[in-house]
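Heavy-atom basis, side chains included; hydrogens, waters and symmetry copies ignored. Predicted, not measured: the structure shown is a model, and the values here were computed from it.
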There are 2 protein chains.
Amino acid sequence: MKENQTDQQHLAWLARSFGRPDYLPLSPDDLKALAEAGDIVKKYPGTHLFKEGESATAAFLLREGEVDLYRGATDRRDVVGRVGPGAVIGDIAMFSGQPYISSARAVGHVTAFHFDRDRLLPKLALSPAITLRWLVASLTQLERTQRRVLNLMHKTVLAQVAGLLVNEADDRAEVALSQATIAILLGASRQSVNEALNELKRRGHVETGYRLVRVLDSESLIRVAAED
Amino acid sequence: MKENQTDQQHLAWLARSFGRPDYLPLSPDDLKALAEAGDIVKKYPGTHLFKEGESATAAFLLREGEVDLYRGATDRRDVVGRVGPGAVIGDIAMFSGQPYISSARAVGHVTAFHFDRDRLLPKLALSPAITLRWLVASLTQLERTQRRVLNLMHKTVLAQVAGLLVNEADDRAEVALSQATIAILLGASRQSVNEALNELKRRGHVETGYRLVRVLDSESLIRVAAED
DNA sequence: TCAAAATTGTCATGAATCCGACAGTTAGAA
DNA sequence: TTCTAACTGTCGGATTCATGACAATTTTGA
């Protein structure tokens, strides 16, 4: 609970750039149509919506509460992300007809739509608009993930930090993350991030504060992120 | 034409793990319906199917020939991949209503289906099976790309090479790629790959030949890939 | 068959990054 | 207000990896 706020942002970023974002791929109208294809289920904290390796017979649309996604054994968890209301999980495995890729465990009390594969598919066959929307959402996510691959390949920490700052800056051009958190997000060391931020500060592209980075020159940051 | 065979394998892998695979396995009926929504176009070597930043009004399904996908200016190209027959390109941008993310240039003589957005969308509305198939294909691709992110994060070249060998080994437990090709696929240098292969060979997990790696101990490789 | 091209193997050097350590600073809670 | 935990800033050594260079081997095509 200590690092709750930071943790929250951290996981949100990871989830977004990783594949299971909190975006809502369906409009209210679509949801209405979909509602007939799903049941509402409630999960107690700590219980699983599904587990890695299980046959994927259903996807879930979260309504309330949050869910941790992780891979690997329960003891040696590799958390992939945490998602909240609006997120769709399990769809990749369900549509592909493969076992679940990760496990999904309720963090708090969770309410979710439960779409059974056998009920959903006929529904989608009748409502191409929903399918198309889902398609667009998945392609958007695919593009984001591809971009992430490009960033991980070859780029220096400096460029990665610049890229993250551009993406994460809020409406006041601020990024409220600790350097340690940024380091984890990028898979770099805290010291390297510190060095990179100093360099950006030296060039006058950003200002730094306690658990805060303020973007001064977004254009330059974009340029730095593209280098290398 | 010189590096044709290797190139083929190399790019097939890149395409598969990156985002533009031969991923549209549609049934004859679906293809027939699709055919009515698209024209066949031919492109001469060096000409563009589309360019980065252009308004994305169409997607292409390659029938013959190969296409380079790259980002950035023509002079300072950052090749994202090369795809061949069966690949679908431009769909992300077209469906999302955004400009093309990358440029696509014909390597040799290219024949492709050209799906105009305005003609395709109504067709999809009438043929949900096609849309659903497209959705499944994109989700499958998304999953692959996510896996790739996991492999690129934090791992040493040794672990990355081990992971690639496990994924790419054919039914005879062989991987017919040159070390230079493997290096490009992983975003590493040829020398590092050579060193990693030597280490794996020393441990008795693989044998190497000319443009060939034979997996002797898949279990150990999986363990090595998980390290770090 | 034989030369050209592709590939493997190896080495030295330098750059980027990680890691451990520690001092100074800030925020938040008692 | 004061204390404590979290965070920033910085240093030097160790490690990984890229780069360029070159010889040896294998394949390929004329």
Side-chain angles (χ1 to χ4, degrees), chain A residues 1-10 151-165 174-203 206-214 224-225 227-228, chain B residues 1-11 13 78 151-165 168 174-203 206-214 224-225 227-228:
Chain A
M1 73 183 76
K2 41 191 71 166
E3 45 174 358
N4 221 333
Q5 188 194 358
T6 307
D7 221 32
Q8 207 71 354
Q9 301 166 312
H10 162 167
N151 273 357
L152 285 172
M153 280 176 77
H154 280 318
K155 300 264 183 181
T156 149
V157 172
L158 179 65
Q160 291 184 44
V161 169
L164 179 140
L165 292 178
E174 290 179 351
V175 178
L177 298 172
S178 75
Q179 297 181 3
T181 302
I182 294 175
I184 293 174
L185 296 179
L186 297 177
S189 69
R190 184 184 64 79
Q191 291 92 327
S192 297
V193 170
N194 181 258
E195 190 186 358
L197 282 175
N198 283 340
E199 176 62 19
L200 293 177
K201 189 161 50 177
R202 194 187 62 72
R203 298 189 192 177
V206 303
E207 284 174 355
T208 61
Y210 188 83
R211 205 182 294 179
L212 179 81
V213 182
R214 179 174 295 108
V224 171
E227 282 173 13
D228 207 358
Chain B
M1 71 184 78
K2 41 193 72 165
E3 44 176 356
N4 222 330
Q5 186 195 359
T6 308
D7 225 30
Q8 205 73 352
Q9 302 165 311
H10 160 170
L11 295 163
W13 188 88
D78 185 12
N151 273 356
L152 286 172
M153 275 182 84
H154 277 317
K155 305 260 183 177
T156 109
V157 172
L158 181 65
Q160 290 184 43
V161 170
L164 179 140
L165 291 178
E168 293 307 302
E174 290 180 349
V175 178
L177 300 173
S178 75
Q179 298 179 2
T181 301
I182 293 175
I184 294 173
L185 296 179
L186 296 178
S189 69
R190 186 185 62 79
Q191 291 89 329
S192 296
V193 170
N194 181 260
E195 189 186 0
L197 283 175
N198 283 340
E199 175 62 19
L200 293 176
K201 189 161 50 176
R202 195 187 61 70
R203 298 188 193 178
V206 304
E207 283 175 356
T208 62
Y210 189 83
R211 202 182 295 179
L212 178 80
V213 182
R214 180 175 294 111
V224 171
E227 282 172 11
D228 210 353

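Between the side chain of A:Q191 and the base of D:dG12 there is no donor-acceptor pair of N/O atoms closer than 3.5 Å.
Here the side chains of A:E199 and A:V161 are not in contact, with every heavy-atom distance at 4.5 Å or above.
Note on the helix from C:dT1-D:dA30 to C:dA30-D:dT1: angle between the axes of the first and last five pairs equals 40°, rounded to 10 degrees.
When distances run from any side-chain atom of B:R190 to the nucleotides C:dT26, D:dA21, D:dT19, the shortest one goes to D:dA21. Across C:dC19, C:dT26, D:dG9, the shortest atom-to-atom separation from the side chain of A:K201 is found for D:dG9. Relative to the side chain of A:Y210, the nucleotides C:dG9, C:dT26, D:dT10 differ in distance, and C:dT26 lies closest. Closest approach to the B:N194 side chain among C:dT10, C:dT17, D:dC17 is made by C:dT10 (side chain taken as heavy atoms from C-beta onward).
Note on A:T156: only backbone sugar-phosphate atoms sit closer than 4.0 angstrom, heavy atoms only; bases stay farther off. Among the heavy atoms of the strands, none lies under 4.0 Å from B:E195.
Within the 4.0 Å cut-off from OP1 or OP2 of C:dC18, at least one side-chain nitrogen or oxygen of A:S192 is found.
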TODO: Let me see the working for A:L200 and A:L158 under side chain to side chain contact (heavy atoms under 4.5 Å, CB included), right down to the final yes or no.
DONE: CA-CA 8 Å; A:L200 293 177; A:L158 179 65; 3.8 Å; yes
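Partners of B:E195 under the side-chain contact (heavy atoms from CB on, under 4.5 Å) rule, at least two apart in sequence or in another chain, do not exist in this structure.
Rounded to the nearest 0.5 Å, atoms CD (A:Q179) and OG1 (A:T208) are 7.0 Å apart.
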